[in-house]
Amino acid sequence: MSKSLFRRAARPAAIALVAATVTATTVLFGGAAGAATDPGNGSGSETIKSTLADLAAKAGKNRKAKGAEALASDSLTFGDITGDGRPDLGAVDGTGTLWIYPGTGYVYPGTGTRSKAVFGARFSVGRGWSQFTTIVKHGDFNADGKTDVLARNTAGALFFYEGTGTAPSVFRPGVQVGRSWQTFKSIVGVGDFNSDGLDDLIAHKTNGELLLYRGTGNGANPLAGSPAVIGRSFTGGLLTSLGDITGDGRTELFYRDSAGELFLYPSRDGDSPIDAGNRADVGDYSAVRQLVGAGNVYSDAGYEPMPDLLIQVNNTVIVSAPDSGEGSDADFSIGNGWNALYIF
């Protein structure tokens, strides 16, 4: 394995501590004001931030903007559902209602208090979404320049929801485009992973294999057959696409293994597009419910914008941004009440 890209800092308190110290009664963050709780030092999130920042530093990209090579074109607007050029967050509640949290595009000006209002007031898209076990946001699967979603239901049927790029009716009615997808542990949108100009998908098998399904650009049949095995021994439970933070034009992968440890897998060109994994931290991160590549929801002025990571730990969601100045205040919670939501 190549030399680690990450700092080996002192081990922080376990992320599980965040969940234990957050009250469950606070109203869900729903707008610019929002009830936000900053976990502060020792939350566990700063190690993940260091992972992102250190990998970006290896590419010379996370400090003051240097005019380095361009990131993958969609990495900063990763999941722009509303079509305003800012990445958004989707969430399904216990009633099956789908909510969209529009990104505000917040940039810290360098003085004063850092705002935590990275998402604006949420709006409802529709109901009936509780039937889905997985919703894939990162992808323009019909190649029309607008973000679509793929959704897998409990029976394994795969549905394509064409994005309109206009709020509040952000999706057209779903169309079934596949079946038997229940055999996969998870499915992950990864953008144009094979550099052919079309957005792709990775399916995570229960035996630990990762299959790359090439995008076709056709909404009626968005994924080509005969997927390629691009990884093995991924026996853990969480896999997400982060966005391109190395400037190679492809997204990186974040993965939690069966022991609860986090790894970041840079991408590379060729038939084996996943590079050697790098441990983010030695510790148990089993309390993390979701890792969501969020696009650039937060930055500091004067720093090159980078895609960020959202970390759902039971009742709270933490924003971790590599394109920020030093200090733990750059990692922060965007409020409580997220434990009843599936976010994507």
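- The OG1 atom of Thr316 sits 10.0 Å away from the CG atom of Asn339 when rounded to the nearest 0.5 Å.
- The main-chain N or O of Asn221 is found under 3.5 Å from a side-chain atom of Thr216 such that the two form a donor-acceptor pair.
- Judged as a salt bridge (charged side-chain N to carboxylate O under 4.0 Å, His left out), and not counting sequence neighbours, Arg127 has no contacts.
- Between atom CG of residue Asn296 and atom CG of residue Leu76 there is a gap of 5.0 Å, rounded to the nearest 0.5 Å.
- Connectivity analysis of hydrophobic side chains (ILVMFWY, heavy atoms under 4.5 Å, direct or indirect) links Leu223 to Val136, Phe141, Leu150, Leu158, Phe160, Val177, Trp181, Phe184, Ile187, Leu201, Leu211, Tyr213, Val229.
- You'll find the side chain of Pro307 stays beyond 4.5 Å of the side chain of Phe78, heavy atoms only.
- Side-chain atoms of Arg114 do not come within 3.5 Å of backbone N or O of Tyr108 as any donor-acceptor pair.
- Thr240 contributes atom OG1, which lies 12.5 Å from atom NE2 of His204 (distance to the nearest 0.5 angstrom).
- Screening Phe332, Phe119, Tyr298 for a ring-ring contact (aromatic ring centres under 6.0 Å, His included) involving Tyr106 leaves a single residue, Tyr298.
- Residues Thr77 and Thr147 form no side-chain contact, since every pair of their non-hydrogen atoms from C-beta on lies 4.5 Å or further apart.
- Pairing each heavy atom of Gln176 with each of Ala157, the nearest pair is NE2-CB, 3.6 Å.
- The hydrophobic cluster containing Leu198 does not contain Ile202, counting ILVMFWY residues as joined when their side-chain heavy atoms lie under 4.5 angstrom apart, directly or transitively.
- In terms of heavy atoms, Gly295 sits closest to Pro87 at C-CG, 4.0 Å.
- Here salt bridge (Lys or Arg N to Asp or Glu O under 4.0 Å) pairs that include residues 84-96, with residues two or more places apart or in two chains, number zero.
- Remark: Arg232 pairs with Glu209 by the salt bridge (charged side-chain N to carboxylate O under 4.0 Å, His left out) rule, at least two apart or across chains.
- Summarising the hydrophobic clusters (Ile, Leu, Val, Met, Phe, Trp, Tyr; side-chain heavy atoms under 4.5 Å, direct or chained), the residues clustered with Tyr161 are Ile81, Val92, Leu98, Ile100, Phe123, Val125, Trp129, Phe132, Ile135, Val149, Phe159, Val170, Phe171, Tyr342, Phe344.
- Residues forming a side chain to side chain contact (heavy atoms under 4.5 Å, CB included) with Ser124 (at least two apart in sequence, or on another chain): Thr97, Trp99.
- Side chain of Asp80 to main chain of Gly85: a donor-acceptor pair is present (N/O by atom type, distance under 3.5 Å, no hydrogens or angles).
- In terms of heavy atoms, Ile311 sits closest to Ser320 at CD1-CB, 4.1 Å.
- Scanning for side chain to side chain contact (heavy atoms under 4.5 Å, CB included) contacts around Ile343 gives Leu89, Ala91, Gln290, Val292, Gln312, Val317, Trp338, Leu341, with sequence neighbours left out.
- Note: Asp308 CG to Ser299 OG = 6.5 Å, rounded to the nearest 0.5 Å.
- For Ser267, the side chain to side chain contact (heavy atoms under 4.5 Å, CB included) partners are Phe193, Asp248, Arg250, Glu252, not counting sequence neighbours.
- Classified by interplanar angle (parallel below 30°, tilted 30° to 60°, perpendicular above 60°), the ring pair Tyr255/Phe263 is tilted.
- The side-chain heavy atoms of Val319 and Leu310, taken from C-beta on, include a pair separated by under 4.5 Å.
- Hydrophobic clustering, with ILVMFWY side chains joined whenever heavy atoms are under 4.5 angstrom apart, groups Val190 together with Ile230.
- In this structure, CG on Leu210 lies 9.5 Å from OG on Ser233, to the nearest 0.5 angstrom.
- Glu162 pairs by the salt bridge (charged side-chain N to carboxylate O under 4.0 Å, His left out) definition with Arg172, not counting sequence neighbours.
- Qualifying side chain to side chain contact (heavy atoms under 4.5 Å, CB included) partners for Ser130, counting only residues two or more places apart in sequence or in other chains: none.
- In this structure a side-chain-to-backbone donor-acceptor pair under 3.5 Å is present from Asp148 to Gly163.
- Shown here are the salt bridge (charged side-chain N to carboxylate O under 4.0 Å, His left out) partners of Lys185, two or more places apart in sequence or in another chain: there are none.
- For Ser241 and Thr251, the side-chain atoms include no donor-acceptor pair closer than 3.5 Å.
- The list of salt bridge (Lys or Arg N to Asp or Glu O under 4.0 Å) pairs with a residue in residues 312-322, not counting sequence neighbours, is empty.
- Heavy-atom neighbours of Arg256 CZ from other residues, nucleotides or ligands within 6.0 Å: above the threshold of 12.
- The minimum heavy-atom distance between Asp140 and Lys146, with the atom names listed, is OD1-O, 3.0 Å.
- When hydrophobic clusters are built by joining Ile, Leu, Val, Met, Phe, Trp and Tyr residues whose side-chain heavy atoms come closer than 4.5 Å, directly or via intermediates, Met306 is grouped together with Leu291.
- Put simply, the side chain of Leu309 reaches to within 4.5 Å of the side chain of Leu242, judged on heavy atoms.
- Here the CD-CG distance, from Gln182 to Asn153, works out to 9.0 Å after rounding to the nearest 0.5 Å.
- Between Pro102 and Ala121, the shortest heavy-atom contact is CD-O, 3.4 Å.
- Asp192 and Asp200 make their closest contact through C-OD2, 3.6 Å (heavy atoms, listed as atom of the first residue, atom of the second, distance).
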